[in-house]
Every structure is written in C-alpha cells, then in structure tokens.
Amino acid sequence: MKQTARLSDSYERIWKTVRKIPRGKVATYGGVARASGLPRQARLVGYALHNLPPNFDIPWHRVINSQGRISLPKNGGHHERQRRLLEKEGIAFLKDRVDLKRYEWRAQSSKRKFLPKKKHAHVLPH
DNA sequence: CTAGTGACCCAAC
DNA sequence: GGTTGGGCCACTA
C-alpha cells in the first residue's frame with residue numbers, strides 16, 4: 001500500500017523528534033526543527049504536524065510557538081484541547097502563554113548539520 | 001512555470 | 001506590549 005506514500009524524509013525526522021519530548025515539557029517549532037537537523041525550517045514542522053496521519057501516536061500537543069503560545073486557531077476547538085492536554089501534564093498557563101524558561105525541552109545538542117543560506121548579514125562589528 | 005497559503009521565526013520600528 | 005516586513009520551505013491551484 002503506497003497511497004501517497006511519499007512523506008518526505010524531513011517529516012519522519014520531525015515526528016521522531018517530537019516523540020522524544022518528555023511529559024511535562026514543551027518544545028518550539030523552531031527547536032524541533034533544529035533538533036531534527038533542519039535549522040530555520042520551523043514552518044515545515046508546523047506543516048508536518050498539520051498533516052499527521054490519523055491515529056498517529058505522537059505528542060503533538062507539546063509543540064508550541066516561540067512566544068510560548070499555542071499556534072492553533074481558537075475557533076476550532078483544537079486550541080483548547082491542546083491546552084487541556086498540557087495542563088494535564090502539569091504545565092501552567094499564564095494569560096494564554098507558558099513559561100518557556102521553565103518548560104522548554106532542549107534536545108541533547110545534535111551537532112547542527114549545516115546552516116543553509118542565511119544570505120549575507122555582516123552585522124559583525126569589524 | 002508563477003502566486004498564494006501556512007499549527008513559524010526574528011529583527012526593527 | 002503591538003505591528004511590519006523579510007526569510008524559510010512544501011504544497012496546491
């Protein structure tokens with residue numbers, strides 16, 4: 001059964017990383033991207049989670065944005081569901097936001113592969 | 001091929 | 001605190 005079976009290698013890397021996020025912790029989209037060897041591709045992480053296969057066993061709710069907020073729109077019910085799942089794991093919300101300093105999970109420094117592009121930014125002082 | 005969109009991010013106002 | 005604009009990449013029409 002191959003049905004649209006060309007889920008990219010990137011998706012699998014991302015899902016694999018998300019499964020490592022421990023209970024009671026959260027990770028940002030960008031953080032998951034980095035931990036997956038895909039720096040600067042936070043958007044892809046959101047895409048990968050949005051397109052999860054049905055009945056997929058993965059702690060998707062532990063991924064939030066860099067502001068410490070839930071990225072799902074509030075008008076679908078998913079937003080509240082994610083929040084409830086997190087609170088059930090002991091994560092506290094303060095005004096729709098969690099304290100990343102306290103709850104953010106960091107992957108054990110996987111040597112960052114490569115940094116694509118980035119154009120030129122000579123912000124360096126001299 | 002181009003243009004628009006998206007569970008994103010960051011620096012600058 | 002808030003908004004704007006650029007950058008990213010995969011996907012769709």
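Quick note on labels: first sequence line is chain A, next is B, and so on, each numbered from 1. Note that the structure is predicted; figures quoted are calculated from it, not measured.
Nearest nucleotide to the side chain of A:Tyr47, out of B:dC8, B:dG6, C:dC9: B:dG6. Comparing B:dC8, C:dC9, C:dA10 by their nearest atom to the side chain of A:Ser71 picks out B:dC8.
Atom CD of A:Glu80 has 12 or fewer neighbouring heavy atoms from other residues, nucleotides or ligands inside a 6.0 Å radius.
As rounded to whole Å, 11 Å separates atom C1' of B:dG6 from atom OH of A:Tyr29. Atom NE2 of A:His50 is separated from atom C1' of C:dC9 by 16 Å (rounded to the nearest Å). Taking atom CG of residue A:Asp96 and atom P of nucleotide C:dG2, one finds them 11 Å apart after rounding to whole Å. The interatomic distance linking A:Ile14 (CD1) with B:dG6 (P) rounds to 19 Å, in whole Å. Computed from coordinates, the A:Gln41 CD to C:dC11 P distance equals 12 Å when rounded to whole Å. A straight line from CG of A:Leu38 to P of C:dC9 spans 10 Å, rounded to a whole angstrom. Taking atom CG of residue A:Leu72 and atom P of nucleotide B:dA7, one finds them 8 Å apart after rounding to whole Å. Atom CZ of A:Arg43 is separated from atom P of B:dG6 by 9 Å (rounded to the nearest Å).
A distance-only check finds no donor-acceptor pair linking the side chain of A:Trp15 to the backbone of A:Leu52 [under 3.5 Å].
In the region residues 60-69 of chain A, proximity to DNA chain B at under 4.0 angstrom, judged on heavy atoms, holds for A:Trp60, A:Asn65, A:Ser66.
Across A:Asp99, A:Leu100, A:Val98, a single residue satisfies side-chain contact (heavy atoms from CB on, under 4.5 Å) together with A:Arg102, and that is A:Asp99.
To the nearest 0.5 Å, atom OG1 of residue A:Thr28 and atom CZ of residue A:Arg106 are 8.5 Å apart. In this structure, A:Gln41 CD and A:Ser36 OG are separated by 9.5 Å, a value rounded to the nearest 0.5 Å.
Under 4.0 Å is where a charged nitrogen must lie from a carboxylate oxygen, and between A:Asp57 and A:Arg19 no such pair does.
Connection of A:Phe56 to A:Ile14 is established within a shared hydrophobic cluster, with ILVMFWY side chains joined at heavy-atom distances below 4.5 Å, either directly or through further cluster members.
Toward the 5′ end of DNA chain C lies the nearest nucleotide of A:Arg97, the other residue of the pair A:Leu44 and A:Arg97 mapping further downstream.
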